[in-house]
Amino acid sequence: MDQLGDKPTSNTFDILFRRLIAAGLTRQAIQAFDDMERFTKRETDREDFVDLLDTLCKYGYAKVATEVFNGRKFKFEPDTQMYTVMIYGWCKLNRPEVAEKFFREMVDRGFEPNVVTYNVLLNGICRRTVLHPGTHFEGIIQKAENLLDEMQKRGIEPDVTSYSIVLHVYNRAHKPDLSLDKLSLMKEKGIFPTVATYTSVIKCLCSCGRLEDAEEILNEMVANGVSPSPTTFNCFFKEFQGRKHADNALKLYKKMGDLSCTPSLSTYNILVGTFSRLNKMDIVQEIWNDMKESGAGPDSDSYALLIHGLYEKRRWEESCEFVLEMIENGFLPQNITLEKLYKANTDDQDDEEDNLTLIERKEKLEEDNLTLAERKEKLEAASALDRISKTKIAAKKVTSSSLKCASKKIIKSRSKSTNLHLNSGAGKKWTTFAHNGIVLPPPYKPHGVKMLYNGEQVELTPEQEEVATMFAVMKDTEFAAKPKFIENFMNDWRVILGKEHVIKKFHLCDFTPIYDWHQNEKDKKKQLSALERKALKEEKLKEDERYMWAFVDGKKEKVGNFRVEPPGLFRGRGEHPKMGKLKRRIRPDEITINIGKGEPVPECPIPNERWKEVKHDNTVTWLAFWKNPIDPKAFKYVFLDDTSSWKGQSDKDKYEKARLLKDYILDIRANYRKDFRNKDLMKQQISVAAYLIDMLALRAGNEKDDDEADTVGCCTLKVENVSLVPQTNKLEINFLGKDSIKYENTVEVDPLVYKAIGEFKKGKNTGEELFDKLDTYKLNAHLKELMPGLTAKVFRTYNASITLDKLLNSEIMNRNVAEKVVVYNRANKEVAKLCNHQRSEPKSHGAQMLKLRDNIVKLKGVLDGLETNLHRVRKGKAPLQLDADDGKPKKNFTPEILQRKIKLTLDKIEKTERDMDLKKELKTTALGTSKTNYLDPRISVAWCKRHEVPIEKIFNKSLLAKFAWAMDVDPSFRF
DNA sequence: AGCGAGACTTGGAAAAATTTTG
DNA sequence: CAAAATTTTTCCAAGTCTCGCT
């Protein structure tokens, strides 16, 4: 550029800064700023500097901006605008406390904040509530109010923006009255509320069920000449949908037209959903036409709502027609939509072709490289196989031809290559994919503490010392006492020590010096002040920041485990044959990176080394992988976080599949019952296995290698794991499952199953498989014949979720929130028990129980005393002084008071006893696993909405983030 | 059909953070 | 306010299931 004679302008630099900063190259950006004057031959001014700070802050580098700002390396004196930018930067990072520090500094140094400064800070404080639904709103509201007060004291009037910010918080906090107060305050001060202001208040009122008040505001708004937006109306419509107020919704819809407010796409979608759920298809039709006319829609959501609505009302014919239309308009129906329809369209699936979903057929046709005419023929032949049920003959006929027609159209539109939004490549997961790679563990830092061998200090190289330390720090885990662990550790360590090394025998090793050193280090860390610790944490966060995020098709997504596992000793579960083996350090040349084509490939963090390979595979979702050094047949992957769209989508798909099973379950159960006596041994075993999986929520049970812990699942059960309890129909089941967790259960089963198991066991020795003709592949192949996509694990998801749904549906009115939460936890516990989710007994459990028992004894003592006094008072004698009393004279001890006290004490005893029982029961039960993996979050969210339980009582921060996709579920949702 | 590679979900323990208690 | 108890987060092991090959 320089050579071409063009002088770079400051504008050029602006773009350069932006690019550099966007790419995370903040140092370079600052360097460039430094160099700017030399190139532009123009003095950089204050504005350039503010721009630099602003850009840094915008991209989340508030800390760098702070350094630049505080460094005073530049000639510019701070001013209000610069401070405002800094405050903005820290607020953006969601660190209002730092922002406030800047604010105070600014005021102290005599710079007058303006309304922008205040709004930025206010927004920062209030933003918290958006990001962290669990925050205490009261505190935030108080803070915001204080800031508003301070503003006024300083003579700065809050403007519309300020009010909008606080109104938003009230909205989130469900504080309709505060919302209304603020609104009138605004009017008093002569600030004209905008559409957004009014909408905020209305939203708050609606979501709190105060529809009348909301309507009043709406009228006021119109009277004041502010035209409501579709969003304003949507607040009402959403509420009407929840309450099934068809008439009100209709009335409002008319009113909207009168006010000449054009509904938005989401208005239409809400209404379509509302009325199709209420089975008012004529109204749906009207709305649908309006929507088309207005040109706002339909989109894929509209179609999905309509199609499901029609489907639920068993109007297959129409629903198929809309599938056609949808595809024709370039929207790909969800697999689940097609599966449902297809299911309605088929009966017994004897023909293999019959089990294909429309999509599968479509793909099949695409794969076969046929001419168009040939494809058509084949498709028609396939459709002809569709079975027509006796009950649904009329609908079915049309359906078959509709589907046939749909497929034709797909082909047609394909060949014309129109604007189809279909996934062109099968299994394509992304188009663009950018990330900054992974973090390798830091190199080993030798400590030089010498261990003893045969009582003498020994020299160790850093490599040898590293492995010795790994063992030393595990001294007080139970691993360190296991012979297998020690044996494997010694074998691997000896290789590193070398043949000539003095250390030969484990029993002569004394690791205590290293252990003590390690304890000491740990203590030192504990001694750190809260401030120090915070600083350390911040530092780490800063380092990790660039690895924490990836961009998938332009969307920012959180990365999960971007840290490569550090070397260590393998800690297998149960009796794992490889426990104690050295888990090597992973070198970059073992790591394969997957990233979008053309994206900057993350640099290898170790100089002179390189990645094993860089791939651009868009059919997978991993960022990196390497071979598991402990088991070379397996891999370790780096994936996105649970909050990512990829994980969210597949989570949702999982639960939709389980819900689909609900429609099939009766048939499937009938199917396996029928085969309990099948003469074909494999079929019989499949049916019994399916029964156990369905009834007891067992896992499938894949085959395992000899070099893994010896655990089983359903298909791999050994004869000794299941015994028949004589003279009953009970089975005693006892085995080690996943993670070597013990499964123990004695259950009554179908007499035919009892008998069949007896037959399977006959003639087999201990160690042989109960289901010898079976493996998970065969089982799943069979299940797939009964329902598209069905596998063994779907039963676990299905049974867990349906159990929660049923248990939560019991009547729980007239209870306070805490009691409702107990109801939820109890249901959760039942599911955890069903899935056999266990945990090891908390260390302090025994002591805790003792304490509770102690309390009960004490309370019983008090009770005795009270009862004695009651007797005495009744007989007219003076009451005795009781231990538990406060020593005041007991003149006014009437029998009534004593009786009340007795009642209270009894309640207390009962409560403590309940606590004890609960604690005992939960001692070894883990509730978390089912919550994260098996319970459809929509059940919980909908339940919370119905019973006005804040969702934060049920889901913690990470679960809320993970289940973001489920939060807007309709309150009437049932699994 | 059977097998091994590959990819993604599920799972408990331990560490860290937060809340309660004394 | 520190210690204890409890909850949340991190870590990584251990499953399930699919796909492509023979």
Side-chain angles (χ1 to χ4, degrees), chain A residues 134 426-427 429 474 477-479 522 525-526 530 533-534 537 560-566 568 570-574 576 578-579 583 592 594 617 619-622 625 627-642 646-647 650-651 653-654 693 698-705 708-709 711-716 736-741 775-781 783-784 789-797 800 832 835-845 847-848 851 919 922 924-934 955-962:
Chain A
K429 302 266 174 55
M474 287 177 77
T477 69
E478 46 191 81
F479 285 109
K522 261 194 353 200
K525 236 180 227 167
K526 247 192 228 161
R533 224 174 280 185
K534 209 167 187 180
K537 211 176 115 191
N561 54 327
F562 53 79
R563 239 180 278 278
V564 174
E565 292 173 19
F570 177 70
R571 299 156 94 118
R573 310 271 167 81
H576 199 297
K578 291 189 174 175
M579 63 169 80
K583 199 168 71 168
T592 303
N594 191 37
D617 185 350
T619 65
V620 294
T621 64
W622 49 265
F625 90 97
K627 265 202 183 129
N628 180 350
I630 292 296
D631 176 4
K633 291 189 299 298
F635 306 100
K636 296 277 189 177
Y637 291 91
V638 175
F639 290 114
L640 290 188
D641 184 74
D642 278 352
W646 279 335
K647 297 276 190 188
S650 63
D651 218 24
D653 290 349
K654 173 181 77 186
I693 284 172
L698 301 188
R699 295 188 189 82
N702 281 316
E703 304 289 336
K704 291 186 82 182
D705 269 357
E708 294 175 273
T711 64
V712 299
C714 183
C715 291
T716 39
L736 289 186
K738 182 180 180 180
D739 291 309
S740 295
I741 296 292
D775 60 32
T776 52
Y777 177 78
K778 283 177 193 147
L779 177 67
N780 283 336
L783 293 175
K784 275 200 189 62
L790 183 63
T791 61
K793 87 196 219 352
V794 182
F795 283 93
R796 244 167 108 83
T797 315
C835 295
N836 197 38
H837 289 142
Q838 297 188 18
R839 59 170 183 168
S840 51
E841 184 179 316
K843 272 201 286 291
S844 57
H845 179 79
Q848 309 252 324
K851 215 152 82 188
K919 199 160 220 163
L922 287 179
T924 55
T925 311
L927 298 187
T929 310
S930 48
K931 232 183 202 172
T932 30
N933 297 310
Y934 287 106
F955 291 147
N956 64 34
K957 211 173 87 196
S958 12
L959 286 177
L960 280 173
K962 171 173 174 167

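Numbered from 1 within each chain, the chains take letters A, B, ... in sequence-line order. Values in this document were obtained by computation on a predicted structure and should not be read as measured data.
Residue A/Lys537 is in sugar-phosphate contact alone, with no base atom involved, counting any heavy-atom pair closer than 4.0 Å across all strands shown. A/Gly928 comes within 4.0 angstrom of no nucleic acid atom, judged by non-hydrogen atoms across all strands. Counting any heavy atom pair closer than 4.0 Å across all strands shown, A/Thr776 reaches no nucleic acid atom. Nucleic acid contact for A/Glu708: none, since no nucleic acid atom lies under 4.0 Å from a heavy atom of the residue. At a threshold of 4.0 angstrom between heavy atoms, the contacts of A/Thr621 are confined to the sugar-phosphate backbone, with no base atom among them. Note on A/Asn628: nothing from the nucleic acid sits closer than 4.0 angstrom, heavy atoms only.
Side-chain contact of A/Thr711 with A/Lys738: a donor-acceptor pair under 3.5 Å is absent, judged by distance alone. In summary, the side chains of A/Asn780 and A/Thr791 do not present any donor paired with an acceptor at a separation below 3.5 Å, with no hydrogens or angles considered.
In the interface, the side chain of A/Lys738 is paired with the base of B/dT10 through a donor and an acceptor atom under 3.5 Å apart.
When each of B/dA13, C/dT16, C/dC11 is scored by its nearest atom to the side-chain atoms of A/Arg563, the top-ranked nucleotide is C/dC11. Nearest to the side chain of A/Arg573, among B/dG12, B/dG6, B/dT9, sits B/dG12.
Taking OH from A/Tyr934 and CZ from A/Arg796, the interatomic distance works out to 3.5 Å, rounded to the nearest 0.5 Å.
Dense packing is recorded around OH of A/Tyr637, with more than 12 heavy atoms of other residues, nucleotides or ligands lying under 6.0 Å away. The local environment of CD in A/Glu478 is sparse, with at most 12 non-hydrogen atoms from other residues, nucleotides or ligands closer than 6.0 Å.
Nucleotides of DNA chain B nearest to A/Lys429 and A/Ser930 differ in position, and the one nearer the 5' end is that of A/Lys429.
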All N/O pairs under 3.5 Å across the protein-nucleotides 20-22 of chain B interface:
none

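Listed by chain and residue number, A/Ile741, A/Tyr743, A/Gln838 satisfy the side-chain contact (heavy atoms from CB on, under 4.5 Å) test with A/Asn836 (two or more places apart in sequence, or in another chain).
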